[in-house]
Number of protein chains: 2
Amino acid sequence: MSRSRPYHHGDLRAALLESAERTLREKGVASLSLRELARETGVSHAAPGRHFKDKRALLDALALAGYDRLARALEGADDPSLPLQPRLTALARVYLAFAAENAELLALMYARKHEPGAAEQMAAGVDRTVGVFDRVIADAQRRGEIVEADPERLTLFTGAALHGIAGFTVGGILDPAEALGMTDDLIHHLLHGLRPR
Amino acid sequence: MSRSRPYHHGDLRAALLESAERTLREKGVASLSLRELARETGVSHAAPGRHFKDKRALLDALALAGYDRLARALEGADDPSLPLQPRLTALARVYLAFAAENAELLALMYARKHEPGAAEQMAAGVDRTVGVFDRVIADAQRRGEIVEADPERLTLFTGAALHGIAGFTVGGILDPAEALGMTDDLIHHLLHGLRPR
DNA sequence: ACCTGAACACCGTTCAAGT
DNA sequence: ACCTGAACACCGTTCAAGT
């Protein structure tokens, strides 16, 4: 955008990714074609092959960028000085908002098939996202706010609750706004359980 | 299988569905093509069009059959005479086992894009599956085994926890066997919460 | 270094025509 | 009623050739 009509195209890679993410958001993965992407970007249909070995390589790049944005958002919203419940609620809100705004992208991020080379990077993205919750659980356990069980398992369970709700919104079973509206309740039930006290 | 080389093909519709599900399981949705399905079934590439208006119509039929099997399995495993915890644990085990054995199919079942006409049938499938958990929650609440909150929300939360874990296994983040192995723990944490008592 | 054009092997879908 | 064959408009990927 800064330069007017740069030589050859300028940063085709970035342009393709940007266009791809818009298509993903507006029309879904199913109607994401490299050829149409090339058309939209005003470049020959073979040009994307220069920057992405594969269609999947492009999708992987998209997913990786998604992890970066999600992790950044979670890290930015984490306030370690807060008590467990409000701290976790804030993070849950960020996660569910991300899921609502990036449903198709999230599905891509959690997809099982990735380019062999991208697998480690993808795992790193997962780890970074999970890491935020790891710290919350660890801190809470240190402060005695949480039960003395395997912290890894507690993180997994917390993540599952969030991921499950997000999955319902992605699948259209639950309205995204509704999901966001029950965040407080969700975290409450997560912490206090379904059994009466 | 009962008749030898029936006229024209016999039950092409069923044969296509069967072949499609095997391909889905072995190679994933991405490599599921109507033309190859036709080839495998020994029929012209246009023949599937007689039984499925669309590729998506075939995928929808697959998803619908999936809901039927899942709901049947859950209903068959539900023992209303059991106390809440073992009752829920048994159901969770069935769900996670189904997810482990039918990862790709489950993804299809929870996909957001369905043929307009199939949407209601799909919703019915969801309702039947959710219904099992609805009854468990309602019974438990009647017996005072569960907190007096909105039962619909409690069901949703229970479903989210399960669906989240299943999603992790589908996405390859969690080993299916491992997921199954932590069913007891999962239900324990769900019922008792993360907070110390 | 980066892109194009042509070519190849695949798709899904439609539709006249066959049995 | 059910299926075929040809046709159409699309794909992803590769590769010589251009700039």
Side-chain angles (χ1 to χ4, degrees), chain A residues 2-24 26-63 104 108 111 113-118, chain B residues 2-24 26-63 104 108 111 113-118:
Chain A
S2 55
R3 310 180 127 264
S4 56
R5 301 263 187 172
Y7 177 61
H8 261 195
H9 178 273
D11 196 354
L12 180 56
R13 197 191 134 91
L16 287 170
L17 281 175
E18 196 180 334
S19 181
E21 216 204 307
R22 202 180 51 246
T23 305
L24 186 66
E26 290 170 6
K27 305 192 208 164
V29 226
S31 42
L32 184 68
S33 107
L34 290 181
R35 283 180 108 110
E36 186 162 342
L37 235 47
R39 254 177 262 128
E40 277 179 20
T41 321
V43 96
S44 96
H45 66 259
R50 282 287 126 188
H51 298 93
F52 301 99
K53 152 180 176 294
D54 235 19
K55 185 178 182 180
R56 209 155 67 183
L58 183 141
L59 296 180
D60 285 351
L62 236 36
E104 291 271 356
L108 221 60
K113 291 291 179 197
H114 295 294
E115 206 78 15
Chain B
S2 54
R3 308 181 128 265
S4 57
R5 300 260 185 176
Y7 176 62
H8 262 194
H9 178 272
D11 197 353
L12 181 55
R13 197 192 133 92
L16 287 170
L17 281 175
E18 197 180 333
S19 181
E21 214 203 308
R22 202 179 52 245
T23 305
L24 186 67
E26 289 170 5
K27 305 192 207 164
V29 227
S31 42
L32 184 69
S33 106
L34 290 181
R35 283 179 108 111
E36 186 161 343
L37 234 46
R39 253 176 263 131
E40 277 180 20
T41 321
V43 96
S44 94
H45 65 260
R50 280 289 124 188
H51 298 93
F52 302 99
K53 151 180 177 293
D54 235 18
K55 186 178 182 180
R56 210 154 67 183
L58 183 142
L59 296 180
D60 285 351
L62 236 35
E104 290 271 356
L108 221 61
K113 292 291 178 196
H114 294 295
E115 207 79 15

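Each chain gets a letter, A, B and so on, in the order the sequences are listed, and its residues count up from 1. Heavy-atom basis, side chains included; hydrogens, waters and symmetry copies ignored. Small disclaimer: the values here were computed from a predicted structure and weren't measured.
- Of the candidates Glu36(B), Glu104(B), Glu40(B), Arg22(B) forms a salt bridge (charged side-chain N to carboxylate O under 4.0 Å, His left out) with just one, namely Glu40(B).
- Atom NE2 of His45(B) and atom C1' of dC3(D) are 11 Å apart (whole Å).
- Distance, Leu37(B) CG to dC10(C) P: 16 Å, rounded to whole Å.
- As judged by a 4.0 angstrom heavy-atom cut-off over every strand, His51(B) is placed among residues touching the sugar-phosphate backbone only.
- For dG12(C), the paired nucleotide is dC8(D), the pair qualifying as Watson-Crick or G-U wobble because both relevant distances are below 3.5 Å.
- The Glu36(B) side chain lies nearest to dC11(C) when the options are dC11(C), dC3(D), dT14(C).
- Atom pair Arg35(A):CZ and dC10(D):P shows a separation of 11 Å (rounding to whole Å applied).
- Closest approach to the Lys55(A) side chain among dG12(D), dG5(C), dC3(D) is made by dG12(D) (side chain taken as heavy atoms from C-beta onward).
- Distance CZ (Arg50(A)) to P (dT19(D)): 16 Å, rounded to an integer number of Å.
- As a whole-Å value, the separation of Glu40(A) CD from dC11(D) P is 11 Å.
- Using a distance-only test at 3.5 Å, with no hydrogens or angles considered, no donor-acceptor pair links the side chain of Ser19(B) to the main chain of Ala15(B).
- Nucleotide dA17(C): unpaired (no Watson-Crick or G-U wobble partner with both distances less than 3.5 Å).
- Once rounded to the nearest 0.5 Å, the distance linking OG1 of Thr41(B) with CG of Leu16(B) reads 4.5 Å.
- The CG-C1' distance, from Asp54(B) to dC11(C), rounds to 14 Å in whole Å.
- Regarding Leu32(B), its CG atom lies at a distance of 15 Å from the C1' atom of dC10(C), rounded to whole Å.
- Under 4.0 angstrom from either OP1 or OP2 of dC10(C) there lies no side-chain N or O belonging to Ser33(B).
- Atoms CZ (Phe52(A)) and P (dC2(C)) sit 13 Å apart, rounded to a whole Å.
- Note on Arg39(B): only backbone sugar-phosphate atoms sit closer than 4.0 angstrom, heavy atoms only; bases stay farther off.
- None of Leu62(B), Asp54(B), Asp60(B) except one satisfies the side-chain contact (heavy atoms from CB on, under 4.5 Å) rule with Leu58(B); the exception is Leu62(B).
- Side-chain contact between His51(B) and Leu12(B) is present, with heavy atoms from C-beta onward closer than 4.5 Å.
- Each of Gly42(A) and Leu34(B) was assigned the nucleotide of DNA chain C with the nearest heavy atom; the assignment lying further toward the 5' end belongs to Gly42(A).
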